[in-house]
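Atoms within each ligand, like the ligands themselves, are counted from 1 in listed order.
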Amino acid sequence: MTTTLTTSPDEAATHLRRGELVAFPTETVYGLGADALQPEAVQRIFEAKGRPADNPLIVHVVRRGQIGEVAADVPPPAERLLEHFAPGPLTLILPRHEALSSVVTAGLDTVGVRMPRLPLTRSFLEACNTPVPAPSANRSGRPSPTSWEAVHEDLGGRIECILKGGRTEEGVESTVVDCTTTPVTVLRPGAVPVEDLRVVLGHVDVGDTEGERRARSPGTRHRHYAPSAQVRLVDDPGRLSDIDSNLDAAYIGLDPPPQPGAFQTVHVEDNLEAYAHDLFHVFRACDEAGCEAIYAQTVPAEGLGRALNDRLRRAAAR
Ligand code: TXA
Ligand code: MG
């Protein structure tokens, strides 16, 4: 199959409406979309990604009115989150609309809904004129794509179209909030910090207890976000002494490593935002360079730090 590359949101939408698969940029990571009203097309998303069928998809909408097409109800806390964070990198789990295909929700009675803020995404969704279910546009298990080149690397020849945008701004995925519980529960930390949600809602659970962890998003049970290189977590770079000199290694973190010469490449990030923006990009660059180990510094668990640590831990889990 030839994968058409285009910078035109209208051309990309024409492919989608024909029942084809289209990867598109958002402010978080690139997504792989199909028409919500064509279940056979949605089914092909799972095949193209190699995604387990029990992992539900997030539905992307461009305006508030479309939420009623996929969700049966918008509870008051969800309404308040929409007021403050939509459009933006937040996904709300809501009771599903009975007309929505169960292929999208993987058989659950809830649906994830997100309204992206990137202007190119919004033009694309306007032109599609239908809700667009879309997971991240990577092969299952790989780091999420933050550039169209990364999408092409994973899915070129397997999907009909890639809408080309720039590198994505956030670099980590949306925060997923279950709005069917009281209080609401964060199922996946992401680009909107929990602290910001608490400013609006007061109490927000973060799924830290064992029971809450089991109840998390189906997707968070699978190994994720991993490069081929082994990821080794570094809590304190100042005490990093056991760098394996037999391995081609890379380093990424907020603080410089004590022996920069021991690494093939060193990425010292200015702040949490820059770290998040670069993480998946660096993972893929390391794989391309044939790196065997990536030493990655963990960060304080506040603000964007929760999402970063979550992605680092999952990437390091074998
Ligand atoms: O930023 C993002 O969220 C990106 C862009 C493309 O929007 N999308 C994304 O999708 O990261 P995906 O499929 O890679 O991750 C979605 C997560 C998965 O962990 C999935 O299990 C969870 O959201 N999810 C989706 N629907 C759900 C539902 N009804 N209940 C619980 N978790 C759900
Ligand atoms: Mg994903």
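For the Mg ion (ligand 2), protein N, O or S atoms under 2.8 Å: 1 in total.
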Please walk me through it: do R44 and E160 pass side-chain contact (heavy atoms from CB on, under 4.5 Å)? CA-CA 11 Å; R44 282 191 49 227; E160 283 84 359; 3.2 Å; yes

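In the vicinity of T110, heavy-atom distances shorter than 4.0 Å reach the ligand 1 atoms 28 (C), 29 (N), 30 (N). Residue contact check: G31 has heavy atoms under 4.0 Å from atoms 6 (C) of ligand 1. Less than 4.0 angstrom separates some heavy atom of L187 from each of these atoms of ligand 1: 31 (C). Counting the atoms of ligand 1 from 1 in the order shown, those under 4.0 Å from a heavy atom of H60 are 5 (C), 6 (C), 7 (O). Set against the non-hydrogen atoms of N55, the atoms of ligand 1 under 4.0 Å away are 18 (C), 20 (C), 21 (O). Listed by atom number, the atoms of ligand 1 under 4.0 Å from L108 heavy atoms are 28 (C), 29 (N), 30 (N). Close approach of ligand 1 to P135 is summarised as follows: ligand atoms under 4.0 Å from at least one heavy atom of the residue are 10 (O), 12 (P), 13 (O).
Remark: R64 pairs with E79 by the salt bridge (Lys or Arg N to Asp or Glu O under 4.0 Å) rule, at least two apart or across chains. Applying the side chain to side chain donor-acceptor pair (under 3.5 Å) rule to T121 yields no partners; only residues at least two apart in sequence or on another chain are considered.
Residues I67 and I58 are members of separate hydrophobic clusters, defined by side-chain heavy-atom contacts under 4.5 angstrom among Ile, Leu, Val, Met, Phe, Trp and Tyr. In terms of hydrophobic clustering, with Ile, Leu, Val, Met, Phe, Trp and Tyr side chains grouped at heavy-atom distances under 4.5 Å, V234 and V266 are assigned to a common cluster. Side-chain heavy atoms closer than 4.5 Å link hydrophobic residues (I, L, V, M, F, W, Y) into clusters, and following such links, possibly through other members, connects V111 to L92.
No donor-acceptor contact under 3.5 angstrom links the side chains of T298 and R313, judged on distance only. Side-chain contact, S8 with D10: no donor N or O sits under 3.5 Å from an acceptor N or O.
By heavy-atom distance, the residue among G33, G190, S174, P133 lying nearest atom 3 (O) of ligand 1 is S174. If you check each of P56, S144, P145 against atom 33 (C) of ligand 1, the one with the closest non-hydrogen atom is P56. When the options T26, V111, V29 are ranked by their closest heavy atom to atom 4 (C) of ligand 1, first place goes to V29. For atom 5 (C) of ligand 1, the choice among V104, T28, I45, T91 with the nearest heavy atom turns out to be T28.
Within the 4.0 Å heavy-atom cutoff, R51 counts among the residues contacting ligand 1.
Between the side chain of R284 and the main chain of P227, no donor-acceptor pair closer than 3.5 Å is present. In this structure, D178 contributes its side chain and V184 its backbone to no donor-acceptor pair below 3.5 Å.
A side chain to side chain contact (heavy atoms under 4.5 Å, CB included) with Y275 is found for exactly one of L312, V282, V172, namely L312.
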Could you pull out every donor-acceptor pair under 3.5 Å between side chains of residues 21-34 and any protein atom, sequence neighbours left out?
unit_1: T26; atom_1: OG1; unit_2: T28; atom_2: N; d: 3.0
unit_1: T26; atom_1: OG1; unit_2: T28; atom_2: OG1; d: 2.9
unit_1: T26; atom_1: OG1; unit_2: V29; atom_2: N; d: 3.4
unit_1: T26; atom_1: OG1; unit_2: V29; atom_2: O; d: 2.8
unit_1: T26; atom_1: OG1; unit_2: R114; atom_2: NH2; d: 2.9
unit_1: E27; atom_1: OE1; unit_2: R117; atom_2: N; d: 3.1
unit_1: E27; atom_1: OE1; unit_2: L118; atom_2: N; d: 3.3
unit_1: E27; atom_1: OE2; unit_2: R114; atom_2: NH1; d: 3.0
unit_1: E27; atom_1: OE2; unit_2: R117; atom_2: N; d: 3.0
unit_1: T28; atom_1: OG1; unit_2: R114; atom_2: NH2; d: 3.2
unit_1: Y30; atom_1: OH; unit_2: G165; atom_2: N; d: 3.1
unit_1: Y30; atom_1: OH; unit_2: G165; atom_2: O; d: 2.9
unit_1: Y30; atom_1: OH; unit_2: G166; atom_2: O; d: 2.9

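Annotation: S136 places an N or O atom under 3.5 Å from an N or O atom of ligand 1; distance criterion only. Between R114 and ligand 1, at least one pair of N/O atoms sits closer than 3.5 Å.
Ring orientation note: the planes of F280 and F283 are tilted relative to one another, at an angle of 30° to 60°.
When non-hydrogen atoms are compared, ligand 1 lies under 4.0 Å from neither the backbone nor the side chain of E27.
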